[in-house]
A.B. asks: 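Here it is, the structure, as structure tokens.
In what follows, every heavy atom counts, from backbone to side chain, and hydrogens, waters and symmetry copies are set aside.
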Amino acid sequence: MNATTPFTTARAHRIALVALFAALLAAMGMIPKIDLPLGVPITAQTMGVMLAGCMLGASLGFQSMLLFMVAVALGLPLLSGGRGGIGVFFLPSAGYLVIWPVAAMVCGMVMRALSGGNASPKRLAMAAFVASVIGGIVVMHASGVVGLVLIAKLTWTQAFMGTLVFVPGDLIKCVLTALIVH
């Protein structure tokens, strides 16, 4: 450490939050995945992305998901089903996976824009729901469709129609995120 960048309590707190949410995402990976013929599993971890963005904000949410991605790339089996390693970034689900840091950032940005300063619990819950829909469904699925087209060699229509199977469950995750943030 040098005099221009002291290690403050606030900085230590931010580092702890980033690590905590990366660990939360890893813990959510212990919930069994549901494999689909599309090559993209249903997991609880996407809710962790939504929570990170809504609860940590754009910057720390992004950092926590990036930390998680680096750990996965290094081979730690943190993804649902015990998956890890660089190879997971070349599977049909890669489009969904690589966007997690950006999706958390978008959730955080929308959450901040909609919640205002001293928001009521009801307003916080609504902001978290909308933020989760935009970052956790729209952003994540847009990237997922691109990944399915590029990696699984599906047509745009096939990829878009295939991703719709996830939307009902993802809406439930958005509601749960809103209730937790509330």
A.B. asks: For residues T8 and R11, report the shortest heavy-atom separation together with the two atoms involved.
C.D. replies: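 Between these two residues, the closest heavy atoms are OG1-N, 3.0 Å.
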A.B. asks: For residues 146-153, tabulate all N or O donor-acceptor pairs below 3.5 Å that involve a side-chain atom, not counting sequence neighbours.
C.D. replies:
{"from": "K153", "atom 1": "NZ", "to": "L150", "atom 2": "O", "distance (Å)": "3.0"}

A.B. asks: Sequence neighbours excluded, which residues qualify as side chain to side chain donor-acceptor pair (under 3.5 Å) partners of T9?
C.D. replies: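 With neighbours one apart ignored, the set is empty.
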A.B. asks: Which donor-acceptor pairs under 3.5 Å do side chains of residues 119-129 form with protein atoms, sequence neighbours excluded?
C.D. replies:
{"from": "S120", "atom 1": "OG", "to": "R123", "atom 2": "N", "distance (Å)": "3.1"}
{"from": "R123", "atom 1": "NE", "to": "L114", "atom 2": "O", "distance (Å)": "3.0"}
{"from": "R123", "atom 1": "NH2", "to": "L114", "atom 2": "O", "distance (Å)": "3.2"}

A.B. asks: Restricting to side chain to side chain contact (heavy atoms under 4.5 Å, CB included), what partner residues turn up for A73, sequence neighbours left out?
C.D. replies: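 Once residues adjacent in sequence are excluded, the partners of A73 under the side chain to side chain contact (heavy atoms under 4.5 Å, CB included) criterion are I86, F89.
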A.B. asks: Could you tell me which residues satisfy side chain to side chain donor-acceptor pair (under 3.5 Å) with K173, sequence neighbours excluded, listed by chain and number?
C.D. replies: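 K173 satisfies side chain to side chain donor-acceptor pair (under 3.5 Å) with T46, D170 only.
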A.B. asks: Return the CG to CD1 distance between L67 and I15, rounded to the nearest 0.5 Å.
C.D. replies: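 Spacing of CG (L67) from CD1 (I15) equals 11.0 Å.
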A.B. asks: Between A22 and S64, which heavy-atom pair has the shortest distance, and what is it?
C.D. replies: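 Minimum heavy-atom separation between A22 and S64: CB-O, 3.6 Å.
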A.B. asks: Quick one: side chain to side chain contact (heavy atoms under 4.5 Å, CB included) partners of I42, sequence neighbours excluded?
C.D. replies: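 I42 satisfies side chain to side chain contact (heavy atoms under 4.5 Å, CB included) with I34, L36, F166 once adjacent residues are dropped.
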A.B. asks: Short question: side chain of Q45, backbone of L25 - any donor-acceptor pair under 3.5 Å?
C.D. replies: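 Present.
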A.B. asks: With sequence neighbours left out, what residues match I31 under side chain to side chain contact (heavy atoms under 4.5 Å, CB included)?
C.D. replies: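 I31 satisfies side chain to side chain contact (heavy atoms under 4.5 Å, CB included) with A44 only.
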A.B. asks: Checking side chain to side chain contact (heavy atoms under 4.5 Å, CB included) against C54, which of C107, C174, S115 comes through?
C.D. replies: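 For C54, the side chain to side chain contact (heavy atoms under 4.5 Å, CB included) check succeeds only for C107.
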A.B. asks: Any side-chain to backbone donor/acceptor pair from S143 onto M140? Under 3.5 Å, distance only.
C.D. replies: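 A pair under 3.5 Å: no.
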A.B. asks: Can you pull the ring pair (Phe, Tyr, Trp, His ring centres under 6.0 Å) pairs that have at least one residue in residues 11-64, sequence neighbours excluded?
C.D. replies: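 Found none.
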A.B. asks: For residues V49 and V145: do they belong to one hydrophobic cluster (side chain heavy atoms under 4.5 Å, members Ile, Leu, Val, Met, Phe, Trp, Tyr)?
C.D. replies: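 Each belongs to a different hydrophobic cluster.
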A.B. asks: Starting from V138 and following side-chain heavy-atom contacts under 4.5 Å between hydrophobic residues (I, L, V, M, F, W, Y), which residues can be reached?
C.D. replies: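 None; V138 is a cluster of one.
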A.B. asks: Which hydrophobic side chains are connected to M30, either touching it within the sub-4.5 Å cutoff or through other members that do?
C.D. replies: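 Reading the cluster by chain and number, M30 sits alone, since nothing else belongs.
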A.B. asks: When hydrophobic residues are tied together by side-chain contacts of less than 4.5 Å, even through go-betweens, does M55 share a cluster with M47?
C.D. replies: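 M55 clusters together with M47.
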A.B. asks: Taking all heavy atoms of M109 and all of A58, pick out the closest pair and write down the distance.
C.D. replies: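 Minimum heavy-atom contact is CG-CB, 3.5 Å.
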A.B. asks: Do M161 and W156 share a hydrophobic cluster, counting only Ile, Leu, Val, Met, Phe, Trp and Tyr and linking them when any side-chain heavy atoms are less than 4.5 Å apart?
C.D. replies: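 No, M161 and W156 fall in different hydrophobic clusters.
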A.B. asks: Among the clusters formed by ILVMFWY side chains lying less than 4.5 Å apart, do I180 and L60 turn up in the same one?
C.D. replies: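 Same cluster: I180 reaches L60 through Ile, Leu, Val, Met, Phe, Trp or Tyr contacts under 4.5 Å.
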A.B. asks: If you look at every heavy atom in A52 and M65, which pair is closest and at what distance?
C.D. replies: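 Smallest heavy-atom distance, with atoms named: CB-CE, 3.7 Å.
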A.B. asks: Identify all side-chain donor-acceptor contacts of residues 95-105 below 3.5 Å with residues at least two apart in sequence or on another chain.
C.D. replies:
{"from": "Y96", "atom 1": "OH", "to": "T163", "atom 2": "OG1", "distance (Å)": "2.6"}
{"from": "W100", "atom 1": "NE1", "to": "Y96", "atom 2": "O", "distance (Å)": "3.2"}

A.B. asks: Where do R83 and P41 come nearest, in terms of heavy atoms and distance?
C.D. replies: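 Scanning both residues completely, I find the closest heavy atoms to be NH2-CG, 3.8 Å.
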A.B. asks: Can M50 be reached from L171 by stepping across I, L, V, M, F, W or Y side chains whose heavy atoms are under 4.5 Å apart?
C.D. replies: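 Result: no, two separate clusters.
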A.B. asks: Could you work out, with side chain to side chain contact (heavy atoms under 4.5 Å, CB included) as the rule, every residue matching L91, not counting sequence neighbours?
C.D. replies: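 Checked L91 against side chain to side chain contact (heavy atoms under 4.5 Å, CB included); matches are V88, S93.
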A.B. asks: To the nearest 0.5 angstrom, please state how far the CE atom of M111 sits from the OG1 atom of T177.
C.D. replies: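 Nearest 0.5 Å value for the CE-OG1 distance: 10.0 Å.
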